[in-house]
Amino acid sequence: MYSKVFSAGLCGLEARVIQVEADVSNGLPVFNMVGALASAVKEARERVRISLQNSGYRLPAKRITVNLSPADLRKDGSGFDLPIAVSLLAAFGMIPMQKLNKTLVAGELGLDGKIDGVHGALAMAVMGKEEGFDTFILPSANAGEAALVGGMRVIGAGTLSEVIGYLKGEACLTPTERKTDIFEDENCQSDDPDFGEVYGQERAKRALETAVSGMHNILLIGAPGTGKTMLARCIPGIMPGLSHEEMLELTKIYSVAGLLSGGTSVISRRPFRAPHHSITATALAGGGRNPLPGEITLAHRGVLFLDELPEFAANTLEILRQPMQEGKIQISRLGKSYEYPAKMIVVGAMNPCKCGYFPDLKRCRCTLGQVQRYLSRLSEPLLDRIDICADTERLGRKDRNKCGESSADIRRRIKKTHEIQRERYRGEKITMNSELSGQLLKKYCFLGKAEQRLFGELEESAGVSARGAQRMLRVARTLADMRESDRIGENDLLEASAYKVNARQYWGNKGGI
């Protein structure tokens, strides 16, 4: 007999329908599996056989062939165990096949018949809804995640026996309800460091508020102990909450990466990723035979914090060029190309030299050559993609008692600025000022005659590239939005220019930032 069950396989961040076909015929007892299978899928043969046996279903001695199609798509992961088991039982006539026509099945089997969780359940549910499936049977651990999509019956099961009983009509499994209250998180928890705890550093705080308001990349430079890392770790507390669509988008990414914790079915807070400087290029960009998201993609809609920036390997840092410029990253593996989203704020922090005290020549122990070699670890093309450069100052004893605004106060202002941008770009394919380019810059960054003249002078004096000039204009647009003005003023241009050329004391006037 022949049977067919529908499952789903991951291809990057998307899922594709996989047909699990089983054929049972007379002949030598054998269990063959074909269809471009990875080793984890090939091992399903023994897991399925023993799991069925321990659930009370012994397979007759027949010639069994299981095919996973399409054959040109490599199948990876352990989520095909359950559909293979169901397909075999249907082929042996133990399960009515008519109940499988509009049903999607995924899950990993233990030898005792327990169904374990899988990666990418949300991506599978999205695909299933688009393809017209009305039921999705999957592990109980993934049911809440898949139910976020809506429009399908999501059946969570804990054991193979429960699934068989449900398909035979002998047991009742209650569909998982779609929860909406989890989307109401305000995105700030009490364990977030608060800007009110950071003494002084008003200029750096202003720069960070500007960066978050327009989702601009920023570099913090200062001596050791001036609070660069502390300031960066305060950023999640001033970032407004995610929209419903953004939560689903992030949850899908983290589900595919296998990073949803046990009790978490949705990512409701903007990510803050802070990889160590020893990270490899593959871990940052994403990789593997079927590439999993790297730190760049895991920071999507949030912050990628790179502390001690010059200590990262040069080839690792250069990977940041495309995502910083385009908001996405493309990875090619085994003749296939994958595109992952990467719209994040890159926040870098660094000392100005190896000892950390340049350009204070009274304290700096480095020679000029050592300073130049240290700073040259950051290439000009990479620096050119940084919108804002801000210094952190050494504080005197009196300044250490001056606390600033709380993160809640700053977040309210930033939320208002984000709303202004979303309303302005409602008919466009962008939402933030950092995404402006080409014709959109001309459309939304109009300058009067006086402002045009000033901008030309600033561009020439700063010695920035065409890309750098565009980024300076984007920051000016954000500064105007922060004061709720439709027009970019001269002060906005002056402040944006100051952020862009602030690194001149370190790198000199050689282009870049």
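Owing to the predicted nature of the structure, the values given are computational and were not obtained by experimental measurement. Because only heavy atoms are used, hydrogens play no part in the values below, and waters and symmetry mates are left out as well, while side chains stay in.
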Residue list, salt bridge (charged side-chain N to carboxylate O under 4.0 Å, His left out) with [X], at least two apart or on another chain:
{"X": "Lys228", "answer": "none"}
{"X": "Glu108", "answer": "none"}
{"X": "Glu43", "answer": "Arg47"}
{"X": "Arg203", "answer": "Glu393"}

* side chain to side chain donor-acceptor pair (under 3.5 Å) partners of Gln201, counting only residues at least two apart -> none
* Asked: For Tyr357, what residues pass the side chain to side chain donor-acceptor pair (under 3.5 Å) criterion, not counting sequence neighbours?
  -> none
Do [X] and [Y] have side chains that approach each other closer than 4.5 Å (heavy atoms only, starting at C-beta)?
{"X": "Leu320", "Y": "Leu306", "answer": "yes"}
{"X": "Leu479", "Y": "Met482", "answer": "yes"}
{"X": "Leu259", "Y": "Pro293", "answer": "no"}
{"X": "Leu304", "Y": "Pro275", "answer": "yes"}
{"X": "Val464", "Y": "Glu459", "answer": "yes"}
{"X": "Met127", "Y": "Glu14", "answer": "no"}
{"X": "Trp507", "Y": "Ser376", "answer": "no"}
{"X": "Thr297", "Y": "Pro341", "answer": "yes"}

Minimal non-hydrogen separation, [X] against [Y], with atom names:
{"X": "Ala285", "Y": "Ile319", "answer": "CB-CG2, 3.8 Å"}
{"X": "Gly77", "Y": "Ala40", "answer": "O-CB, 4.0 Å"}
{"X": "Met247", "Y": "Ser268", "answer": "CE-O, 3.9 Å"}
{"X": "Leu148", "Y": "Arg178", "answer": "O-NE, 2.6 Å"}
{"X": "Ala232", "Y": "Phe272", "answer": "O-CE1, 3.3 Å"}
{"X": "Phe195", "Y": "Leu208", "answer": "CZ-CD1, 3.9 Å"}

* Given side-chain contact (heavy atoms from CB on, under 4.5 Å), test His300 with Tyr340 step by step and report yes or no. => CA-CA 9 Å; His300 181 57; Tyr340 292 162; over 6 Å; no
* Just wondering, more than 12 heavy atoms not from Arg422 lying within 6.0 Å of its CZ? -> yes
* Asked: What do you reckon, is CZ of Arg424 surrounded by more than 12 foreign heavy atoms closer than 6.0 Å?
  -> yes
Under 3.5 Å, side-chain donor or acceptor atoms of residues 307-317 against the rest of the protein: list the pairs with distances, not counting sequence neighbours.
unit_1, atom_1, unit_2, atom_2, d
Asp307, OD2, Thr229, OG1, 2.8
Glu311, OE2, Lys354, NZ, 3.4

Are the side chain of [X] and the backbone of [Y] linked by a donor-acceptor contact shorter than 3.5 Å?
{"X": "Ser255", "Y": "Ala121", "answer": "yes"}
{"X": "Asn502", "Y": "Cys389", "answer": "yes"}
{"X": "Ser434", "Y": "Gly214", "answer": "yes"}
{"X": "Arg270", "Y": "Pro236", "answer": "no"}

Roughly how far apart are [X] [atom1] and [Y] [atom2], rounded to 0.5 Å?
{"X": "Asp384", "Y": "Ser465", "atom1": "CG", "atom2": "OG", "answer": "3.0 Å"}
{"X": "Ile414", "Y": "Asp409", "atom1": "CD1", "atom2": "CG", "answer": "11.0 Å"}
{"X": "Glu295", "Y": "His276", "atom1": "CD", "atom2": "NE2", "answer": "13.0 Å"}
{"X": "Ile218", "Y": "Thr210", "atom1": "CD1", "atom2": "OG1", "answer": "8.0 Å"}
{"X": "Leu473", "Y": "Asn433", "atom1": "CG", "atom2": "CG", "answer": "10.0 Å"}
{"X": "Arg377", "Y": "Gln372", "atom1": "CZ", "atom2": "CD", "answer": "13.5 Å"}

* Asked: Going by distance alone, is a donor N or O of one side chain under 3.5 Å from an acceptor N or O of the other, for Tyr499 and Glu495?
  -> yes
* Any side-chain donor paired with an acceptor under 3.5 Å for Asp81 and Ser78? -> no
* Thr478 and Arg474: CA distance, side-chain angles, deciding distance, side-chain contact (heavy atoms from CB on, under 4.5 Å) verdict -> CA-CA 6 Å; Thr478 298; Arg474 293 173 191 166; 5.7 Å; no
Using the test side chain to side chain contact (heavy atoms under 4.5 Å, CB included), find all partners of [X] that sit at least two apart in sequence or belong to another chain.
{"X": "Asn217", "answer": "Met324, Val346, Asp387, Arg471"}
{"X": "Pro323", "answer": "Ile296, Ala342, Met344"}
{"X": "Ala106", "answer": "Ser7, Met124, Phe136"}
{"X": "Asn491", "answer": "Leu494"}

Taking only Lys NZ, Arg NE, NH1 and NH2, and the carboxylate oxygens of Asp or Glu, determine whether [X] and [Y] approach each other closer than 4.0 Å.
{"X": "Asp360", "Y": "Arg394", "value": "no"}
{"X": "Glu145", "Y": "Lys252", "value": "no"}
{"X": "Arg321", "Y": "Glu318", "value": "yes"}
{"X": "Arg477", "Y": "Asp481", "value": "yes"}
{"X": "Glu423", "Y": "Arg426", "value": "yes"}

* When Glu209 is tested against each of Arg413, Lys415, Lys416 for salt bridge (Lys or Arg N to Asp or Glu O under 4.0 Å), which residue passes? -> Arg413
* To do: Would you check, one step at a time, whether the test side-chain contact (heavy atoms from CB on, under 4.5 Å) holds for Lys205 with Glu405?
  => CA-CA 10 Å; Lys205 290 178 182 178; Glu405 288 182 286; over 6 Å; no
Show me, pair by pair, the donor-acceptor contacts under 3.5 angstrom made by side chains of residues 435-450, not counting sequence neighbours?
unit_1, atom_1, unit_2, atom_2, d
Glu435, OE1, Lys343, NZ, 3.2
Glu435, OE2, Thr431, N, 3.4
Glu435, OE2, Thr431, OG1, 3.2
Glu435, OE2, Met432, N, 3.1
Lys443, NZ, Glu428, OE2, 3.0
Tyr444, OH, Glu428, OE2, 2.7

* To do: Check the pair Val303, Met239 against side-chain contact (heavy atoms from CB on, under 4.5 Å), reporting the backbone distance first and the verdict last.
  => CA-CA 10 Å; Val303 175; Met239 299 189 82; 3.6 Å; yes
